[in-house]
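One structure is given here, and the rest of the page talks about it.
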Amino acid sequence: MSEAVSLEMKEIAKRLEVANLAYHRDDAPEIDDAEYDALKARLLELEAQHPDLKDADTPTEKVGAPLAAGFGKITHKIPMLSLGNAFEEDDVSRFVAQIRAVSRDAMITSEPKIDGLSLALRYENGALVSAATRGDGAVGEDVTANARTINDIPQQLTGAPEVLEVRGEVFMSHEDFEALNARAAKNGTKSFANPRNAAAGSMRQLDASITAERKLSFFAYAWGDMSEPLGATQSESIARLAELGFRVNPLMRRTQPVAEAGKSLVAQLVEYHEEVALARAELGYDIDGIVYKVDDIATQIALGFRSTTPRWAVAHKFAAERAWTRLEAIEIQVGRTGVLSPVARLTPITVGGVVVSNATLHNLDYIAGRDSAGNAIRGGNDLRVGDRVEIYRAGDVIPKVGAVDLDARPGDTVPFVFPTACPECASPTVRDGSSLRCTGGLACPAQGKERLKHLVSREAFDIDGFGDTMVDTFWGDDALPVHQPVDIFTLPARDAQLARSEAPGENRALATRSGWGPSSANKLFSGIEAARSVHLDRMIFGLGIRHIGSTTASLIARTFLDWECFLAAAVAVAEGSVSEAARFRAIDGIGDAVIGALRETFMPGPEREAIEALAAELDIQSLEAPSTKDSTVAGLTVVFTGTLTQMTRSEAKKQAEGLGAKVAGSVSKNTDILIAGPGAGSKADKAASLGVKVIDEAAWLEMIA
DNA sequence: GTGCCTCGAGTTCC
DNA sequence: CTCGAGGCAC
């Protein structure tokens, strides 16, 4: 008996050691976190029961602890946004035109876009106090200890503002990357695919002494939160960062006035882009394009932001690397909404530094090479299994199939035939636009599973410990099946019931299963309990109703404020109520498609029952009604028109509604204020003829400040 | 009716 | 990141 236990303990200990090495030293996790935690929990449990068998060198008391702890989180005071992309000269022209609409003589800086990872360094009274990765832009990981090991990052600044957040890129030079991989080859450890991965892997080391051994570099190129401005322009600010001791990119340059240069701004930018592209191989580090920024900071502020990208900067990417390989097979996946997506299985090939073996094929038309109107896409030729195809990574990320080499097409290929039945549930498929769709609905297991994955995803319920893998695990679980949303929330109770009723040795309750143990089970259950309390917008989004994504879900939640109101309205819509449908339609961005989807979802039937059963297990948090006190615009009807520069239209609308104003789509005699940005057209004329007050964006912001 | 623009839904690799 | 399509402005 104790021999068997001892054997199991040794076995688990060995697996943990291997996993630790793979994770820490090679930055290539062999098992996922959940599995790791489960193994560790099991070993801890056995050690508690059999202290005599405990190994003095047990992994439960070593590296496991920091691994489980991971990195702390840092919330960025100012979000770290990504940049919009330009691929063609046309995109650059558009960018420049947009800027010149606001400032006729704007100058633009150009600099190489380093292919590494962004870092935000916070200095207080000159001392480096924290370093954070970009993360999702709002919250990053605390990598301060690792950042301190990088030579290019000063620990102490003299003459800096009291608070200064410096942003830049951590990267590994080609020289250091090759040396690192040579060392890895000698030691027989795993090498890195490219410098970017090596830099990212090194930054993610929990043991900063390992980061210190990897030679990392840092270029400063921007700033975040600070107590006083660094300069009036981009170039001045960068020069100031260099004075403070930061390494800045030597290739940074500013356009010249058109009259002096004798060339348009666009021509100057494109020339720089071409020059750097030619020098790319000799730079000694990886870059993936050029970043253009408006030099004058007041103009940057005037241009403002779209929802996720600034209007005053853009990344002009280099043409993507391309490579040829063979299309081995076309497989069909079924998505949450029942769309059948073809995926290309490829003979693995290296493109842009990573090995690609799959690529999306989008839909019917993409394979056929022609859209339904007969226009050529991808060169106009169809794809067949066995073809030699060109692969590139769109935006240097998503692998895609480009051209097909017809000369190399084997003689025995046949056009790809889309299935007439769903490969997962055998229901008939129907054509819907350029896609095929499975008609199985909730009866299709693929759709059911994908819906659950959507429900637990980060933007929806975000259940700690219950992600995609757990959906797969419990979907096929005989003792504790999870087939619809409510099953997740009844899981703890069903497990408790099982534990009470089962005979010894049955091991169907989670705490008694191998690989689980009580602590893993409890961790999962506490994640589920915490998720019961969910905000209305996340709940509506989590339902996975067609056409209702996170944005639309928020808009709806903001209108109805609590679950009962929303449910009653949605049910009324399904029963044909025109007035309730009108309440939805009055929301900006909601039209026939969304209303049709609501109607289908809330018709009497299994789908509505599943939603009501889920809601009964939850504590759905209402949204706050707009706080109208202290608001100068409460109760007013306002309309936005033209281009807003400080925020997007939907942000402006959200903010106005938060202050109790009603935002309408068009001007009428009921309109109180028209906020007109540049390029306002007929609405401004109409407002004038109706005697409606018209103000610009700045006046509006002042009014609500 | 036509042309933006934004959103939703799909996907890869680490 | 990309594509398609929904929704809105003109």
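First the proteins, then the strands, lettered A, B, ... as listed; each starts at 1.
Across B:dG8, C:dT2, B:dC13, the shortest atom-to-atom separation from the side chain of A:Lys400 is found for C:dT2. Of all nucleotides listed (C:dG7, C:dG4, B:dT12), B:dT12 comes nearest to the side chain of A:Pro399. With distances taken from any side-chain atom of A:Asp592 to the nucleotides C:dC3, C:dG7, B:dT12, the minimum falls on C:dG7. Here B:dC13 is the nucleotide among B:dG10, B:dC13, C:dG6 with the atom lying nearest to any side-chain atom of A:Val356. Closest to the side chain of A:Ser550, out of B:dG8, B:dT11, C:dG7, is B:dG8.
At whole-Å resolution of the value, CG in A:Leu340 and C1' in B:dT11 are 15 Å apart. A:Asn358 has its CG atom 14 Å from the C1' atom of B:dG10, to the nearest Å. Remark: P of B:dT12 and CD of A:Glu331 are 10 Å apart, rounded to the nearest angstrom. For the pair A:Leu598 CG and B:dG8 P, the interatomic distance rounds to 13 Å; values are reported in whole Å. To the nearest angstrom, P of B:dA9 lies 12 Å from CG of A:Asp432. One interatomic measurement links the two molecules: CZ of A:Arg94 to P of B:dC5, which rounds to 9 Å at whole-angstrom precision. Distance, A:His454 NE2 to B:dT11 C1': 16 Å, rounded to whole Å. In this structure, the CD atom of A:Glu450 is 13 Å from the P atom of B:dA9, given to the nearest Å.
Of the residues listed (A:Cys444, A:Ser427, A:Cys425), the one engaging A:Thr439 in a side chain to side chain contact (heavy atoms under 4.5 Å, CB included) is A:Ser427, and it is the only one.
Of the two residues contacting DNA chain B, namely A:Val355 and A:His362, the nearest-nucleotide position lying further toward the 5' end is that of A:His362. Nearer to the 5' terminus of DNA chain B, by closest-nucleotide assignment, is the contact made by A:Gly549 (compared with the other of A:Gly549 and A:Ala359).
The side chain of A:Lys317 contributes no N or O atom lying less than 4.0 Å from OP1 or OP2 of C:dC1. For the OP1/OP2 pair of B:dT11 and a distance below 4.0 Å, the side-chain nitrogens and oxygens of A:Gln333 include at least one atom meeting the criterion. Residue A:Ser341 places no side-chain N or O under 4.0 Å from the OP1 or OP2 atom of B:dA9. Taking side-chain N and O atoms only, A:Thr552 has a distance below 4.0 Å to OP1 or OP2 of B:dG8. Phosphate proximity of B:dT6 to A:Thr551: absent, as no side-chain N or O sits under 4.0 Å from OP1 or OP2.
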* Kindly indicate, with the supporting measurements, whether the criterion ring pair (Phe, Tyr, Trp, His ring centres under 6.0 Å) is fulfilled by A:Phe566 and A:Phe602. => CA-CA 11 Å; A:Phe566 164 74; A:Phe602 288 94; 5.8 Å; yes
* Begin with the C-alpha distance, continue with both residues' side-chain angles, and end with the deciding distance and a verdict on side-chain contact (heavy atoms from CB on, under 4.5 Å) for A:Glu600 and A:Arg546. => CA-CA 10 Å; A:Glu600 272 192 25; A:Arg546 267 242 265 166; over 6 Å; no
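Here A:Ser435 lies out of heavy-atom contact (under 4.0 Å) with every strand. Using a 4.0 Å heavy-atom cutoff across all strands shown, A:Arg336 reaches sugar-phosphate atoms only and no base atom.
Residues A:Phe171 and A:Phe177 place their aromatic rings such that the two centres sit no closer than 6.0 Å. A:Tyr292 has its ring centre no less than 6.0 Å from the ring centre of A:His273.
Using a distance-only test at 3.5 Å, with no hydrogens or angles considered, no donor-acceptor pair links the side chain of A:Asp387 to the main chain of A:Val389.
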